[in-house]
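Take a look at the structure set out below.
Nothing here was measured: the structure is a model prediction, and the numbers come from that model. Letters A, B, ... are given to chains in the order of the sequence lines, protein chains preceding strands, and every chain is numbered from 1. When reading the values below, keep in mind they use all heavy atoms of this one structure, side chains included, and skip hydrogens, waters and symmetry mates.
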Amino acid sequence: MTSLKSAAAVLLMLPTIVSASGQEQLPPAEPYCQWQVKNYAIEQPLCGYTGSAERGKKIVSDSHAGNCLACHRLPIENIEAFGTIGPSLEGVGSRLSEGFIRLRVVDTRHINPASIMPGFYRDPKLINRPARAYIGRTFLTARQVEDVVAYLVSLK
Amino acid sequence: MKYSIKPAIKTGRKLLCLLPLFFLATTVRAEPVSGYAFITPETRAMQDDDFANPGLLAVDRGLELFQQKDKGSTKSCVSCHGDDGEKLDRKAIAAYPKFNAAGKQISQQIISLQDQINTCRVRNGNTRLATNSHDLVTLETFVRSLARGEKQKVETGKAVASILAKGEKLYKTRYGLIDMSCNHCHNLYTGKMIRGQKISQGQGNGFPVYRLDTGEITSLQQRIQQCMNLLRAEPFPTDSDEIKLLEYYIMSRGNGLPIETPAVRY
């Protein structure tokens with residue numbers, strides 16, 4: 001059974017794209033803030049929050065939060081595996097504007113309707129068959145989105 | 001352990017060796033490729049070794065259930081199908097789920113291998129087992145393993161056109177907070193890494209599989225529900241039209257793949 005052990009060890013290092021769902025205790029859902037798209041950008045920060053790049057860096061690599069690493073390469077040390085589904089986000093702050101990045105994270109389908117990338121702040125009413133624990137919720141909170149945007153903008 | 005299935009395993013292996021080649025040649029309309037081509041060499045070795053493959057325990061246990069009868073019943077599966085199921089037709093097993101035109105609702109038109117096992121049980125005075133209950137998945141594992149190496153071949157003709165179209169639509173619908181469709185991962189981004197995990201085509205030819213992640217023998221329908229959980233979606237309920245449509249559609253995508261039950265998968 002050594003093969004079983006080694007295979008299990010390999011797999012244990014693989015965080016899933018989302019947390020186990022259901023069982024975990026979630027904080028109460030926050031009220032949803034409307035946002036507006038103009039010229040493929042959301043210029044206004046969600047709910048008027050000011051993001052923190054430092055917190056954003058944690059959120060992008062937390063497999064229970066943004067888990068952007070599941071699909072993107074990012075300039076973060078000591079990560080055993082980045083996903084290869086999306087493009088690398090190194091230097092994204094010098095390539096893309098803040099408003100465009102915000103729209104990408106909030107609801108990428110305004111840019112690419114067929115995108116595999118989840119909308120992290122889509123209107124909860126648009127989500128098809130959310131698990132009971134997630135009804136009325138967005139993937140990230142407005143504050144988390146602003147933190148992530150601040151972090152990406154800082155990647156020059 | 002019963003070794004009547006051995007020759008089948010050999011042919012299965014030969015076919016599997018060719019699979020990576022198909023994969024390299026893949027363009028837009030992908031050839032079906034078994035999940036076997038996407039797992040690690042260690043997992044492959046575990047699947048191939050009947051003594052290391054934990055799924056074989058379910059095969060053994062399934063054979064016991066196959067030979068058992070309920071109190072008051074005079075017949076078990078072996079009464080019709082032989083002590084080790086040797087009278088069962090491997091090709092017929094590889095053709096499940098089957099289509100039954102006489103069914104009124106979709107859930108009656110699609111007959112899964114589990115449904116058929118239950119029909120036999122009830123006909124012979126044994127209890128109906130709940131779909132995807134541990135015992136029924138175990139029985140399914142034994143029966144399906146008899147067809148190891150046989151090519152998966154579900155009906156795809158005109159009669160099932162609407163079943164397939166409905167299944168495909170469900171496959172291409174986004175679910176849950178993660179807001180992705182099955183098609184996104186298992187068709188458009190096959191072979192890519194979702195963090196450390198390589199995404200396969202999500203084929204059904206190894207099911208029921210032994211899952212390393214959960215340590216359990218798992219039916220295809222249960223795996224679909226687990227992917228829906230992953231999407232933070234409300235999974236389609238057991239015995240619903242939707243879960244059966246998805247199962248049928250997935251099996252149709254994989255026609256031609258060798259049955260690998262019990263495969264070992266993430």
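- With a 4.5 angstrom heavy-atom cutoff, B:Tyr189 touches chain A only via side-chain atoms.
- At most 12 non-hydrogen atoms from other residues, nucleotides or ligands lie less than 6.0 angstrom from CG of A:Asn39.
- Between the side chain of B:His184 and the backbone N or O of A:Ala114, at least one donor-acceptor pair lies under 3.5 Å.
- For the residue pair B:Leu177 and A:Phe139, the shortest heavy atom distance occurs at O-CD1, 3.7 Å.
- Between the side chain of B:Asp179 and the main chain of A:Pro118, no donor-acceptor pair closer than 3.5 Å is present.
- Summarising the geometry of B:Met193 relative to A:Phe82, their closest heavy-atom pair is CB-O, 4.4 Å, with the distance given to 0.1 Å.
- Of the atoms belonging to B:Thr173, it is side-chain heavy atoms, and not backbone ones, that fall under 4.5 Å from chain A.
- Within a 6.0 Å sphere centred on NZ of A:Lys125, other residues, nucleotides and ligands contribute 12 heavy atoms or fewer.
- Atom CG of A:Asn67 sits about 8.5 Å away from atom CD1 of B:Ile178, to the nearest 0.5 Å.
- For a residue to count as touching a neighbouring chain, one of its non-hydrogen atoms must lie under 4.5 Å from one of that chain's; by this rule B:Ile39 does not touch chain A.
- Taking CZ from A:Arg109 and CZ from B:Arg174, the interatomic distance works out to 3.5 Å, rounded to the nearest 0.5 Å.
- One distance of note links CZ of A:Arg137 with CZ of B:Arg232; it measures 10.0 Å at 0.5 Å rounding.
- Of the inter-residue distances, the one linking B:Met180 atom CE with A:Ile85 atom CD1 reads 6.5 Å to the nearest 0.5 angstrom.
- Listed for the A:Thr84 side chain is no donor-acceptor partner under 3.5 Å among the backbone atoms of B:Lys192.
- Counting non-hydrogen atoms of other residues, nucleotides and ligands closer than 6.0 Å to CD of B:Gln108 gives a total above 12.
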